Asker: 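So that we are looking at the same thing, I have put the structure below in structure tokens.
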Amino acid sequence: MSDGQSPEGRPPKTSTGSEATADACRNPASALLDDFLSHDHGERIALGDLMGILGDRAFGALLLLLSIPNVLPVPGLSTVTGLPMILIGAQMLMGLDRPWMPRRVAAATVDRDAFLRVVKRAHPYVDRLERHLRPRLPALTAPTAERLLGLAVIVLATILALPIVFGNQPPAFAIALIALGLIEKDGAFVAAGLAAGLAAIAIVAAVVLGLGQAAILLFHKIFG
């Protein structure tokens, strides 16, 4: 099983070019999902194995696969997929040329049947979105922009990983749009993902505020 490390056991070097997205953009998102679904998986899928399956198809590919179980919710997967996305966002921010995972994170596993089932459910939606994907607004997928997108991914993945009721889907959807934009170098989808991310933050903030107010009212009702 791949542990997501480089052969020397160190994180990949930083890159000033767009090597990471260059490989990804040659493979449409639907082909990425096809490759993943056709792979011979074990009883459980380790996060490190995802790295081996995707090869050098970069950050967008991994973000897409990790966000799907939260867009089409699978109970219990938000934390196990949220932490790796935080790490990926940090690596994008640092300008690494390809994603990697620490050994302990790479060893985390998810149920094969549940994961494959949700990816199959997502495939038709990705197919429909793919018809609208095309290279445009290159400034939003350039290496400098990709670093800034890493910061957005960190914020959204952190919210996603928190145990907040109805708090998983909005940030996961935003990350999925950003991932599709990176895979196909479509700056319009990246912009849509950023807009969805702002909306997700507002939605989650409203949910947290509402729950907090309800808790205060309940406290006063019981002890007041």
Side-chain angles (χ1 to χ4, degrees), residues 1-5 11-12 29 32-33 35-37 39-55 57-94 96 98-123 125-126 149-180 182-183 193 196-197 200-201 203-204 207-208:
M1 178 187 74
S2 170
D3 61 9
Q5 301 261 1
L32 182 157
L33 297 186
D35 288 349
F36 179 75
L37 290 170
H39 190 80
D40 185 19
H41 300 281
E43 290 186 5
R44 296 187 65 83
I45 300 174
L47 296 180
D49 289 340
L50 290 180
M51 305 282 293
I53 295 168
L54 296 175
R57 282 183 279 192
F59 298 103
L62 196 53
L63 286 173
L64 179 62
L65 274 178
L66 291 174
S67 64
I68 283 174
N70 297 285
V71 177
L72 304 173
V74 176
L77 283 185
S78 61
T79 300
V80 73
T81 55
L83 177 58
M85 285 194 281
I86 293 172
L87 294 174
I88 292 167
Q91 292 162 33
M92 291 171 63
L93 184 60
M94 290 186 294
L96 298 189
R98 59 188 174 87
W100 69 283
M101 290 184 191
R103 190 179 300 272
R104 180 171 294 185
V105 176
T109 63
V110 295
D111 181 75
R112 177 194 60 190
D113 293 338
F115 199 84
L116 293 181
R117 188 161 51 247
V118 75
V119 171
K120 287 178 182 177
R121 285 175 56 201
H123 203 308
Y125 298 103
V126 172
L149 289 174
L151 180 59
V153 169
I154 291 172
V155 172
L156 293 169
T158 299
I159 295 172
L160 185 153
L162 296 175
I164 301 173
V165 179
F166 306 119
N168 297 340
Q169 284 179 290
F173 180 67
I175 292 173
L177 289 177
I178 292 172
L180 287 169
L182 289 174
I183 290 170
I201 293 172
I203 291 170
V204 172
V207 169
V208 171

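The structure presented is a predicted model; accordingly, all values stated were derived computationally and were not measured.
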Asker: L151: which residues meet the side-chain contact (heavy atoms from CB on, under 4.5 Å) condition with it, sequence neighbours left out?
Answerer: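 Checked L151 against side-chain contact (heavy atoms from CB on, under 4.5 Å); matches are L93.
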
Asker: For residues L47 and P84, report the shortest heavy-atom separation together with the two atoms involved.
Answerer: CD1-CG, 3.3 Å

Asker: CG/L64 to CD1/I183 distance, rounded to the nearest 0.5 angstrom?
Answerer: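 Between atom CG of L64 and atom CD1 of I183 there are 4.5 Å.
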
Asker: The criterion is side-chain contact (heavy atoms from CB on, under 4.5 Å); which residues satisfy it with P69, sequence neighbours excluded?
Answerer: V74, L77, F115, V118

Asker: Working to the nearest 0.5 Å, report the span between CG of N70 and CG of L156.
Answerer: 12.0 Å

Asker: Once you round to the nearest 0.5 Å, how far does CG of N168 lie from CG of L160?
Answerer: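 Result: 5.0 Å between the selected atoms.
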
Asker: What are the two closest heavy atoms between I203 and P170, and how far apart are they?
Answerer: CG2-CG, 4.3 Å

Asker: Do M94 and Q91 pass the side chain to side chain contact (heavy atoms under 4.5 Å, CB included) test, and can you show the C-alpha distance, the side-chain angles, and the key distance before you say yes or no?
Answerer: CA-CA 5 Å; M94 290 186 294; Q91 292 162 33; 4.2 Å; yes

Asker: Sequence neighbours left out, what passes side chain to side chain donor-acceptor pair (under 3.5 Å) with R121? Give chain and number order.
Answerer: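 Scan of R121 (side chain to side chain donor-acceptor pair (under 3.5 Å), adjacent residues dropped) gives none.
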
Asker: Ignoring hydrogens, what is the shortest heavy-atom contact between I178 and G193? Give both atom names and the distance.
Answerer: CG1-CA, 3.8 Å

Asker: Just to verify, what does H41 make a ring-ring contact (aromatic ring centres under 6.0 Å, His included) with, not counting sequence neighbours?
Answerer: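 Applying ring-ring contact (aromatic ring centres under 6.0 Å, His included) to H41 gives F36, H39.
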
Asker: Between P171 and A200, what is the shortest heavy-atom contact and its length?
Answerer: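 Minimum heavy-atom separation between P171 and A200: N-CB, 3.5 Å.
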
Asker: To the nearest 0.5 Å, what is the distance between NE2 on H123 and CD1 on I68?
Answerer: 9.0 Å

Asker: Atom CG of L62 and atom CG of L182: how far apart are they, to the nearest 0.5 Å?
Answerer: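 Rounded to the nearest 0.5 Å, the CG-CG separation comes out at 12.0 Å.
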
Asker: Could you tell me which non-hydrogen atom of A157 sits nearest to which non-hydrogen atom of G82, and how far apart they are?
Answerer: CB-O, 3.8 Å

Asker: Starting at CG of L83, measure out to CG of L66 and round the result to the nearest 0.5 Å.
Answerer: 10.5 Å

Asker: Among all residues two or more places apart in sequence or in another chain, which pass the side-chain contact (heavy atoms from CB on, under 4.5 Å) test with A196?
Answerer: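 Counting only residues at least two positions away or on another chain, A196 forms a side-chain contact (heavy atoms from CB on, under 4.5 Å) with F173, A174, L177.
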
Asker: Ignoring hydrogens, what is the shortest heavy-atom contact between A61 and L32? Give both atom names and the distance.
Answerer: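 Where A61 meets L32 most closely, the heavy atoms are CB-CD1, 3.0 Å.
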
Asker: Walk me through it: do V80 and T109 pass the test side chain to side chain contact (heavy atoms under 4.5 Å, CB included)?
Answerer: CA-CA 8 Å; V80 73; T109 63; over 6 Å; no

